[in-house]
Amino acid sequence: MAGWMWLRCVLGPHLQRIHRSPDQTRPDARAGRRQGWSYQPRSLEKHTDSILSWVSLWSLSYYSSPLLLCYLYRKGYICSSKLVPVSQYVGTVLVCLLGVACLRGWGRWKNSEYLQFISILEETKRNHTPANKKKLRCYDFDFPHWPADFSWTEVSNPVMSVFSVSSFLIAHTFGRRMLYPGSVGLLQKAMRPMLQQGQARLIEEFDGQRNKLVACDGNEIDTMFVDRRKDEGQNGQTLVICCEGNAGFYEVGCMNTPLEGGYSVLGWNHPGFGGSTGVPFPQNEANAMDVVIQFAMHKLGFKLSDIVVYAWSIGGYPASWAAMSYPEIQSIVLDASFDDLLPLALKVMPDSWRPLVQHTVRQYMNLNNAEQLIKYQGPVLLIRRTRDEIITTMGPEDVMSNRGNDLLLKLLQFRYPKIMTDEGIRVIRQWLGASNHLEEASVYSGYEVDDDWCVSVLQSYQADRDVLFPWSVGNSALFARWPPTPLILHSSSLLSIFLSKARKYMRNFETTHCTPLPASEFHSPWRLKKENDGWMRGK
């Protein structure tokens, strides 16, 4: 038994922190406060772990291997007479590292805190009961060792999916890492102290629950759930699912915005980010989003009508996929997101690469947010950063090159095609060109927009119809049949209606791309007819 426990200590995960649980105490903890503490390894474990941590730098060889192999070949080292002694040296080093790992296991075995942790972990793997899982949640350790809490296969059946060699190589080497720098191991290693601190805050201050979900592609998705349903107020009854940016993690990302607003929140990390496995290609992103929503419904007990999807930046892709695939969700909020990846990819790549970039994006990285969003019939709110330096094609000073504008235009063109004529597009572009509230108000007042009248017109259109988008607003024959008297709208009236609509779909936030969104800026999307659920649902 002792030998088995020692072996589990040798093969066990790193233990970073111990979160305080109701039945645990620590002498230096402040009275009445739920406070955790960092795991303190003993001397033997600490020093052997430092030696083994240097081995993790082998990942640098992945990037430098072509240059290294070329150098070794030119120096004549790639031959049998040279490789045999090198292999002996490598074997000796591996034996030494094995000995170091065994010593680290001995140090862990002598540490009562680690021994208690590894016992709880093994017991949870054998018997995954809520009581055991509650004990395991008191520890922060390497996520690959975390037992799975939910699998996509519990509610669905798996499904399966030629490309040019160049596009494949670009997408699977530097292309994916440029698009999702948060998946690069070295960046995650540098951010680890910050991520651990953020995770400790979510668990110890907000009673967050960490869970491992298994998607249909086998990827393990690292999630954090904060339940506010027992708190006072209606916001806690709504679950906000957060989709992070290309270098964002739920530990320190946009999850904090709805948390400050009092909502129940479910955050998750992209495949390859933090504890999540895999790589963040579009289909993997969709699979991860799918299992997160299934988990929210089948394990957390939320209805789709109680779920709001909130995304920042590139998180708009899985968010718009969720809105398209689960049309019953309450609403979607997209902050600093874009319509299509291709224009942004062309901006940063050489012009001579244009055909190759187009093929690579469409085949492997087709983040077509607008195509997915227009298939959603519910409430939408877009938040545009007026000094955004990331999703602009001409620079942050040119607000008209912000691809959030194109996302709004494509959504409105689909929903209201009768008004989105050349004149309608011109007026909306004029309004989008305003970079601050004063310029925006000037354009708005120039068309003498009366919000109350515009809403009443749209309500009259909707009164006798339960129609899906696209709407025929703008057809004079339809307007003439509205009660109580015939009403003919001129083009200026239609434009004022449309301008009023556009301002309700998009809000400006005068800042840069990476500034955290304050809770005061996190608003419910507008709808034509209010429901008594605290959120405005509908058209």
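Nothing here was measured: the structure is a model prediction, and the numbers come from that model. What's counted below: heavy atoms across the whole structure, side chains too, no hydrogens, waters or symmetry copies.
- Checking His270 against Glu244 by side-chain atom types alone, no donor-acceptor pair falls below 3.5 Å.
- A distance-only check finds a donor-acceptor pair linking the side chain of Gln372 to the backbone of Tyr317 [under 3.5 Å].
- Checked by atom type and distance alone, the side chain of Trp268 pairs as donor or acceptor with a backbone atom of Cys242 at under 3.5 Å.
- Tested against Ser401, the residues Ile391, Thr392, Asp388 include a single side-chain contact (heavy atoms from CB on, under 4.5 Å) partner, Thr392.
- Taking the six-membered ring for Trp and thresholds of 30 and 60 degrees, Phe522 and Tyr263 have ring planes more than 60 degrees apart, a perpendicular arrangement.
- Checked by atom type and distance alone, the side chain of Glu328 never pairs as donor or acceptor with a backbone atom of Ser305 at under 3.5 Å.
- Between Arg403 and Asn369, the side chains place no donor N or O within less than 3.5 Å of an acceptor N or O (distance only, hydrogens not considered).
- In this model, no donor atom of one side chain and acceptor atom of the other lie less than 3.5 Å apart for Glu389 and His513.
- Phe143 pairs in a side-chain contact (heavy atoms from CB on, under 4.5 Å) with only one of the listed residues (Asn269, Ile221, Thr277, Asp222), which is Asp222.
- A donor and an acceptor atom, one from each side chain of Asn256 and Glu260, are nowhere located under 3.5 Å apart.
- Relative orientation of the Trp146 and Phe141 rings is parallel, given thresholds of 30° and 60° on the angle between their planes.
- Exactly one residue among Phe414, Tyr416, Tyr376 makes a ring-ring contact (aromatic ring centres under 6.0 Å, His included) with Phe469. That residue is Tyr416.
- Atom CZ of Arg17 has more than 12 neighbouring heavy atoms from other residues, nucleotides or ligands inside a 6.0 Å radius.
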